[in-house]
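Per chain, numbering begins at 1; letters A, B, ... match sequence-line order.
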Protein chains: 2
Amino acid sequence: MTTSDRSRGPRGRGIPDATVARLPVYLRALSTLADDGVTTVSSEELATAAGVNSAKLRKDLSYLGSYGTRGVGYDVDYLVYQISRELGLTQDWPVVIVGLGHLGHALANYGGFASRGFAIRALVDADPDLVGTEIAGTTVSPLADLEEQVRQHAVAIGVIATPAAVAQDIADRLVAAGVSSILNFAPIVLSVPSQVEVRKVDMSIELQILAFHEQRKLAPGGRVASELARDLAEAIGR
Amino acid sequence: MTTSDRSRGPRGRGIPDATVARLPVYLRALSTLADDGVTTVSSEELATAAGVNSAKLRKDLSYLGSYGTRGVGYDVDYLVYQISRELGLTQDWPVVIVGLGHLGHALANYGGFASRGFAIRALVDADPDLVGTEIAGTTVSPLADLEEQVRQHAVAIGVIATPAAVAQDIADRLVAAGVSSILNFAPIVLSVPSQVEVRKVDMSIELQILAFHEQRKLAPGGRVASELARDLAEAIGR
DNA sequence: CTCACTTTGTGCGTACGTTCACAAGCGCCT
DNA sequence: AGGCGCTTGTGAACGTACGCACAAAGTGAG
């Protein structure tokens, strides 16, 4: 969200953010297909597997180039390669995870990272009982070594899985040490320099969005109590 | 994404999805302010705290009604109440969590749920060693009891924190048992009836999006190797 | 070679989201 | 009471995204 230059490069290059956000989904669907031995796939099939409509899929892929064959479809392996390349997954990205509570543990043990080119190179936690223990093959470093770990492993991407109270401080230290992308699981809005990219994952927010839609469904006539209350308030109040 | 009726109700009612997604962020910022003893806040201040621009914030809030005072700002407590009501957080939402690996543990222990009206009423897992143990004050039920637990607690929202392989099966069972909103942490595209709302949280996808932007930054002249390669391929290939 | 069929890639209309900029409204000071 | 300064609420312009529908381009049969 920080960087969203659409018009870079000579020929109107630059892929829309919405498309970038879907590419990983396509990639996963393609990997599944490849595992099943499928070698060629049509936009219709792939779109179904990825849960989008086929026109959108084709338009998304067209931003990468013209990698399909009319009348046939897309070569699965080739498309996997092209999308991976576009996303920068043909190289390995060293990652540091800060905070190893249940969530940090889950992240450290999640196989989906390594298989996509993300290498968890360092784990950092403030808890002395945790420091020195090994999680998913990596030894936990003390918080004091954060900067050293980042520099030593040339970490570009940091994952914050700490309590909210210390998240901003961790973010500041990560940025100061050279990290330029942060995945933040703490429920606060981080403030970072504009060249640093932050993405937020917030489970509580997702639940609240579900609650909103759920509440909507409860109203048989299409209007829920809160709407009636609001109309009433408006009619009287102002 | 399933339900997106913008034009419900008599007077062009219906809040844009983009706005709904931001309301929980505002809510959190407001709660923090309230804890700090702040009673009134301007759109500018609140926007800064929420990490958005103030015009957007005001437009978002205007969808709920006219709850500010010109020349003054918004009353913090009143706005908290109005947003909570709009999101349906003035009632309690019973939730079931399926899958209690590290992620499920993290979710079950996360205090941010309970404080927002979400009550974790049931925990379900397939692992016999886990069944019967207590996590965050709730006893883990066997997978076979999934439907019974859902019905017994009138669960409307289900959280899937299982391995991808079983997620679709769990989703089917949740839906059959009456759940109408699902928060899915498994890295697959769930297929559910259209009236069921699904939101997806996928950490691997977020990392891949970061990698894309990170890769962009590496190119000093604004063009990365992959772009040059693509242009070349196009120039020759077709 | 030609024709029928399939599927991609994209131009275009529409809907949605964001931002600017300002009129309307409120409180305070004199 | 009146004027001044501040902040909201919103009309309007802009930019982005979506999805239809079709031309372009490929395959395979006869």
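- Both B/Y74 and A/D60 sit near DNA chain D, but only B/Y74 has its closest nucleotide nearer the 5' end.
- Note: CG (B/L57) to C1' (C/dT19) measures 13 Å, nearest angstrom.
- Partner of B/Y67 under the ring-ring contact (aromatic ring centres under 6.0 Å, His included) criterion, out of B/Y74, B/Y81, B/Y78: B/Y78 alone.
- Side-chain contact between B/L89 and B/L27 is present, with at least one heavy-atom pair separated by less than 4.5 Å.
- In this structure B/A34 satisfies the side chain to side chain contact (heavy atoms under 4.5 Å, CB included) test together with B/V76, B/D77, sequence neighbours excluded.
- In the model, A/S204 has a side-chain atom that pairs as donor or acceptor with a side-chain atom of A/Q208 under 3.5 Å.
- Of the inter-residue distances, the one linking A/L210 atom CG with A/E206 atom CD reads 7.5 Å to the nearest 0.5 angstrom.
- Side-chain atoms of B/S180 and B/Q195 include no donor-acceptor pair closer than 3.5 Å.
- The CD1-P distance, from A/I15 to D/dT16, rounds to 15 Å in whole Å.
- Judged by distance alone, the side chains of B/R58 and B/S43 do bring a donor and an acceptor atom under 3.5 Å apart.
- Contact between the side-chain N/O atoms of A/S43 and the OP1/OP2 oxygens of C/dT8 is found at a separation under 4.0 Å.
- Checked by distance alone, B/K59 brings a side-chain donor or acceptor within 3.5 Å of a matching partner on the base of C/dT19.
- Here D/dT8 presents its P atom at 11 Å from CG of B/L79, a figure rounded to the nearest Å.
- Residue B/Q82 contributes atom CD, which lies 16 Å from atom C1' of D/dT8 at whole-angstrom precision.
- For B/A18, the listed nucleotide lying nearest its side chain is C/dT18; candidates were D/dG9, C/dT18, C/dC26.
- The separation between B/D17 atom CG and C/dA15 atom P is 16 Å, rounded to whole Å.
- Where A/A55 and A/G71 each meet DNA chain C at their nearest nucleotide, the meeting point lying more 5' is that of A/G71.
- With hydrogens and angles ignored, no donor-acceptor pair under 3.5 angstrom links the side chain of B/R70 to the base of D/dT7.
- Residues A/R22 and A/V72 each lie close to DNA chain D; by heavy-atom proximity, the contact nearer the 5' end of the strand is made by A/R22.
- Spacing between atom CD of A/E44 and atom C1' of D/dG19 amounts to 13 Å, rounded to whole angstrom units.
- The CG atom of A/L61 sits 13 Å away from the C1' atom of C/dT10 (whole-angstrom rounding).
- Near DNA chain D, meaning a heavy atom under 4.0 Å away, there are no residues from residues 29-41 of chain B.
- For A/E45 and C/dT6, the CD to P distance is 14 Å, given to the nearest whole Å.
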